There are 2 protein chains.
Amino acid sequence: MVTIKDVAKKAGVSISTASYAINNDPRISKETKEKILEVAKKLNYHPYAAARNLKRKRTNNIGVFVDGFTGPVYPRIIEGIHAGSRRNNFNIIVSTGQSAKALLLERQVDGAVVIDRGLDDETLVHVAKHGVPIIVLDRDISGKNIFTSMINNEEVSYELIVSMIKKGYRKIGYVAGPVTSYDNLHRFKGFIKALTEYNLPTTYYYKGDFTKASGYRIGKEIIESSNDLPDFLFCANDEMAIGVLDSFRELNIKVPDDIAIAGFDNIELSMYCTPKLTTVAIDHIKWGEELAQALVDILVNNATTINVNTKGKIIYRESC
Amino acid sequence: MVTIKDVAKKAGVSISTASYAINNDPRISKETKEKILEVAKKLNYHPYAAARNLKRKRTNNIGVFVDGFTGPVYPRIIEGIHAGSRRNNFNIIVSTGQSAKALLLERQVDGAVVIDRGLDDETLVHVAKHGVPIIVLDRDISGKNIFTSMINNEEVSYELIVSMIKKGYRKIGYVAGPVTSYDNLHRFKGFIKALTEYNLPTTYYYKGDFTKASGYRIGKEIIESSNDLPDFLFCANDEMAIGVLDSFRELNIKVPDDIAIAGFDNIELSMYCTPKLTTVAIDHIKWGEELAQALVDILVNNATTINVNTKGKIIYRESC
DNA sequence: TTGTACGCGTTATCAT
DNA sequence: ATGATAACGCGTACAA
């Protein structure tokens, strides 16, 4: 392994001089600096992260911790975070599950964006308290050095429901995500607010878990086990909406004529399913960029608050 | 920050005893070990990765470096790699672009799976030579400590084309991915082999780049700028096939009646587009698991070869 | 079974 | 402008 020692020796300077040159310290003369950098290049020297991190007590890595890598939403947020991080010379490390926990606990990242329900509150609070700032998405948790960023779920859901009420729908149902999801919770609040305001029944409630499979199951159940059908279903995300669509197609329920449907997220599939899905669009990439910038501000500029909130935009298509 | 020193002091033992206990060294008595672990737990001690890595000269991290996080294929491979890594107590670090390069060069990973055209051969060869084993996918590159894993692209493509020839298709076209792609190259070879064998013209060739947009463009061009149309189009991946489908729909070309289409990858969308796409299924998750296992074998068991190849399976649907 | 002491590669303080 | 050296936290060879 080629170390800074080798560079120093070959360049005929001391180790500290080599280090200064490599780290752009101004007190090194131009010529020696150039000489050293040239040697470093020739030897293909790269600082050894483990040693540098140990000494500096930071890594220049930002962690992005997600539930999983599949799915239509996370990849886009990550893409954005990557762009924002690189602009600030931070590397991004994406991980999940136990890997993510280890990376956090053993301090292989300086800060993190967490969209991973699998990472327990206790761990997050602990590492945050000890100096690793954390931004959580879709989660209600607070503590020193923990920040949250959200979508205006409640407002936009409310707006969507009201617009459907004005179109004449009266028996409006909600296909819910997991109760642990902040997003789900606030979409539901908007839904309830609209129905309450218009004195409509709130009994059409179906419990899913954000997966297409749960939507499919719910679609079947609604049709097969009840004769009081809703006329419009607001699904807490697109994937469930598409699952419902699948089951309705099999059961010969016409959308939107028999039952109208809307989703949330504007995933790619929502444009390709039949009928095309009315949904709420989120600019996930831009959101990710802003998240990274906010984290960097905390890390290098000692910012103590963040203000990253993203606005959903309703996109009307064929399903309602 | 709580260090092993704190643990040792609180437990009333020396630093090395604490270290032994934490690392399961057999020479520590059961009671002292339990005592130490208890104290570590209470203090919420976690070894500091930077220090441990520096001393051990390894990180227990496996890097997964991809072109980008979006798209239907990578996330599934990553999911598999994660599962395989965790089984062996390795953490996975997913990254891209400059972040990935830095992570490699500064040795923040012990080994890596690379599916990132942006990482140049030179970098890969260099770090591999210096002891970081690399498995590359969809790429032709060789060197010490560099391994490759592939799909049986050529065979399965050949098989697909032959089956179409037997159905009576004669004017068979190829919608190509980037020429830098090994996958594309071998799918093309299978295509050519079949056509040559059956004495069919190989003039229907269209140059895309694996994106849906390029497929869309090609679809338009084929119809608008030529009066000698192919009767079957084999697309080097599903995304381009779906782009072609989109353009054909707009141009009122019936699939498969006017022109039949097949893709490759069996992405989720291929089941939802109209008509449903005939394609080649790859079990990406299983592939990822095997990749991780192979890398671990190299890392801990000093394996010097790998044998991870995945077989595509043709799935006939409506598009041909 | 446990403790002492050194070294990993780097940065940074202090002296020259 | 440059060099000598201590320190970061951990693991381990060796001594006891």
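The shown structure was predicted, so the numbers you read here are calculated from the model rather than taken from an experiment. When reading the values below, keep in mind they use all heavy atoms of this one structure, side chains included, and skip hydrogens, waters and symmetry mates. Per chain, numbering begins at 1; letters A, B, ... match sequence-line order.
By the 4.0 Å N-to-carboxylate-O rule, B/Asp25 lies too far from B/Lys33 to be salt-bridged with it. Under the 4.0 Å criterion applied to side-chain N and carboxylate O atoms, B/Lys35 and B/Glu31 are not assigned as salt-bridge partners.
Running 5' to 3' along DNA chain C, contacts with non-hydrogen atoms of chain A at under 4.0 Å begin and end at C/dG9 to C/dC14.
The two residues B/Thr59 and B/Gln108 make their nearest non-hydrogen contact at OG1-O, 3.5 Å.
Only at 4.0 angstrom or more do the heavy atoms of residues 103-112 of chain A sit from any atom of DNA chain D, so none qualifies. Near-neighbour residues of DNA chain D inside residues 14-33 of chain B, defined by a heavy atom below 4.0 Å, number-ordered: B/Ser16, B/Ser19, B/Tyr20, B/Asn23, B/Arg27.
Remark: side-chain polar atoms of A/Asp116 are paired, donor with acceptor, to backbone N or O of A/Gly118 under 3.5 angstrom.
One can place OH of B/Tyr48 at 18 Å from P of D/dA7, the figure rounded to the nearest angstrom. Between the C1' atom of D/dG3 and the CD1 atom of A/Ile4 lies a distance of 13 Å, rounded to the nearest Å. Atom CG of B/Leu54 and atom C1' of D/dA7 are 12 Å apart (whole Å). For the pair A/Arg56 CZ and D/dG9 C1', the computed distance is 17 Å after rounding to whole Å. We find that NZ of A/Lys5 is positioned 12 Å from P of D/dA4, with the value rounded to whole Å.
The shortest side-chain heavy-atom distance between A/Asp120 and A/Lys101 falls under the 4.5 Å cut-off. B/Asn61 has its side chain out of reach of B/Asp110: every pair of non-hydrogen atoms, C-beta onward, lies at least 4.5 Å apart.
Surrounding CZ of A/Arg76 are at most 12 heavy atoms belonging to other residues, nucleotides or ligands under 6.0 Å away.
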Next item on the list: Kindly determine whether B/Val136 and B/Phe147 satisfy side chain to side chain contact (heavy atoms under 4.5 Å, CB included), including the steps that lead there.
Entry: CA-CA 6 Å; B/Val136 294; B/Phe147 307 87; over 6 Å; no

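Looking at B/Tyr20 and B/Arg27, their side chains do bring a donor and an acceptor atom within 3.5 Å of each other.
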